[in-house]
Amino acid sequence: MTRVGIVGAGNIAARHADVLSGFPDVTIAGIADTDHHRAEALASKHGSPAYGGHADLLSAGGLDAIYVCVPPFAHGNPELDVLSCDLPIFVEKPLSLDLQTAELIASEIDRKSLPSAVGHHWRYLDIVERARELLDGRPVRLALGHWLDKIPPVAWWLNRSMSGGQIVEQAVHVLDLARVLVGEVAMVHAVPEDNTHDGEVDRATAAVMRFAGGAAGLLATSCLLTQKHRVGLEVCADGIALELSETRLLVDGQRAIEDDGQAKMRVDREFIDAVQGKDADVRVPYREALRTHRLALALARSAAERRPVMLDE
């Protein structure tokens, strides 16, 4: 039985807990949150002990792996403390608010050769595999990404210094998918709306991206709406246009292919298999997620500094 501890007890942690508790070879050994009442509520649902912080969870021992599901501003110490205990680690995106913290964590994972994974579950959509098959031999020349949505109902999200902004906190999923289907990005130039909300995230951003392979890209984000409007990626290659969301692939605007809805299960199952030493398909280990995080931070930096940013800066 693989004993998993979870740091964080918010909505994403609860989702992972639900998936993990459904695996017959996994038990949730403890849940930690700085809000002890929230930790207790989630822990009681899964018959696990609750802890007021990750240090107490680690001190209790008996763990085989840790999930770190904390807000962007809280990353850093939990991961480094987990790695100091030589435990495999699953980290929810975004990796951090800055690059230095994420690079330090990546270096520690590499140094200790520990299994790792990051929650870019879109990589496990079966429609992504279908899209790759349809694009085989036809390089993407144009990519259009969108995250047009509402403000999430968590107090820290609007604070730029706590969430990192919409591109880092949400659209990073779209950027990760663009890297899969199009390739690495060489240059970004993001233009934010005229933000009158001091210290808060931009309510809308438009960005141009130049991919290293020659493709052109656009990204549009907004949190001005009352509900999720459009979230996904469109790509154009010779003779074909594909539009991907988390649930559907649309081919040439006509043929729809529905996803099987198992991506959120697969991302957890493959990590657990890796922890157990099995042949596992971990598609986004921490070092790979760092490449997407670097792209998201470059876009955020471009918007803040009002200038193009090269990815090798």
Side-chain angles (χ1 to χ4, degrees), residues 6-16 31-39 41-42 51-55 57 66-82 89-106 118-120 147-176 190 192-205 207 219 221-226 228 231 286 289-290 292-306 309:
I6 300 177
V7 179
N11 292 335
I12 300 299
R15 189 191 83 203
H16 285 295
I31 295 173
D33 196 288
T34 52
D35 182 339
H36 194 59
H37 293 297
R38 190 162 64 172
L42 184 58
Y51 300 91
H54 72 272
L57 171 63
I66 290 282
Y67 274 63
V68 177
C69 306
V70 298
F73 62 87
H75 285 285
N77 287 335
E79 288 93 335
L80 294 172
D81 289 346
V82 168
I89 190 167
F90 185 109
V91 180
E92 259 304 335
K93 41 61 61 185
L95 301 183
S96 62
L97 290 176
D98 63 305
L99 199 55
Q100 184 179 7
T101 298
E103 286 180 336
L104 178 59
I105 293 166
V118 173
H120 282 297
W147 199 293
L148 310 178
D149 204 345
K150 62 184 183 298
I151 296 170
V154 286
W156 48 263
W157 196 86
L158 274 176
N159 187 329
R160 186 195 309 274
S161 67
M162 298 179 80
S163 71
Q166 189 175 19
I167 292 174
V168 172
E169 212 283 316
Q170 290 182 323
V172 67
H173 278 303
V174 175
L175 297 173
D176 190 65
E193 50 97 11
D194 190 10
N195 193 346
T196 57
H197 311 280
D198 188 38
E200 292 189 353
V201 304
D202 297 315
R203 300 304 200 270
T205 305
L219 177 70
T221 66
S222 177
C223 56
L224 289 166
L225 310 179
T226 58
K228 185 179 287 187
V231 172
Y286 196 95
L290 181 56
T292 299
H293 188 55
R294 188 176 288 113
L295 171 57
L297 289 176
L299 282 155
R301 178 180 160 199
S302 176
E305 297 180 0
R306 305 295 205 269
V309 169

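Sequential numbering from 1 along the given sequence is applied to the chain's residues.
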For Pro192, does its backbone N or O pair with a side-chain atom of Thr205 as donor and acceptor, under 3.5 Å? no
Given the rule in the side-chain contact (heavy atoms from CB on, under 4.5 Å) test, do Cys223 and Asp149 qualify, once you have shown the distances and angles that lead to the verdict? CA-CA 5 Å; Cys223 56; Asp149 204 345; 5.8 Å; no
Find the distance between CG (Leu80) and CG (Leu104) and round it off to the nearest 0.5 Å. 5.0 Å
Run the side-chain contact (heavy atoms from CB on, under 4.5 Å) check on Arg203 and Leu224 step by step: do they pass? CA-CA 6 Å; Arg203 300 304 200 270; Leu224 289 166; 3.5 Å; yes
Would you compute the distance between atom OG of Ser161 and atom CG of Leu97 and round it to the nearest 0.5 angstrom? 7.5 Å
Taking all atoms of both residues into account, what is the closest heavy-atom pair of Val168 and Ala296, and its distance? CG2-O, 3.9 Å
Does Asp202 pair with Arg160 as a salt bridge, N-O distance under 4.0 Å? yes
For a quick test of reading the model, state the closest non-hydrogen atom pair linking Gly76 to Thr101 and the distance between them. CA-CG2, 3.7 Å
Please say whether more than 12 non-hydrogen atoms of neighbouring residues, nucleotides or ligands are located less than 6.0 Å from CG in Asp35. yes
Applying side-chain contact (heavy atoms from CB on, under 4.5 Å) to Glu200 and Trp157, what does each step give before you reach the verdict? CA-CA 9 Å; Glu200 292 189 353; Trp157 196 86; over 6 Å; no
Please report the interatomic distance CD1(Ile31) to CG(Leu42), rounded to the nearest 0.5 Å. 3.5 Å
Which of these passes side chain to side chain donor-acceptor pair (under 3.5 Å) with Ser96: Glu103, Glu79, His75, His293? His293
Search all heavy atoms of Ala171 against all heavy atoms of Thr221 and return the closest pair with its distance. CB-CG2, 3.9 Å
salt_bridge(Glu92, Arg15) N-O dist < 4.0 Å: yes
Which atom of Ala13 lies closest to which atom of Gly8, heavy atoms considered: CB-O, 3.2 Å
Looking at Ser222, is its backbone amide N or carbonyl O close enough to the side chain of Gln166 to form a donor-acceptor pair, meaning the two atoms are under 3.5 Å apart? yes
Point-to-point distance, once rounded to the nearest 0.5 Å, from CG of Leu219 to CH2 of Trp147: 11.0 Å
Consider only side-chain N and O atoms of Thr292 and His120, and report whether a donor and an acceptor are under 3.5 Å apart. no
Tell me the closest heavy-atom pair linking Arg38 and Asp33, and the distance in Å. NH2-OD2, 3.3 Å
Between CD1 of Ile105 and CD1 of Ile89, what distance do you get to the nearest 0.5 Å? 7.0 Å
All heavy atoms of Leu95 vs all of Ala102, minimum pair found to be CB-CB, 4.1 Å
Less than 4.5 Å apart, any side-chain heavy atom of Ile66 and any of Val7? yes
Heavy-atom distance under 4.5 Å between the side chains of Pro152 and Gln170, does that happen here? yes
Check the pair Leu99, Arg294 against side-chain contact (heavy atoms from CB on, under 4.5 Å), reporting the backbone distance first and the verdict last. CA-CA 7 Å; Leu99 199 55; Arg294 188 176 288 113; 4.0 Å; yes
For the pair His16 and Phe90, name the ring-plane relationship: parallel under 30°, tilted 30 to 60°, perpendicular over 60°. perpendicular
Working to the nearest 0.5 Å, report the span between CG of Leu299 and CG of Leu175. 6.0 Å
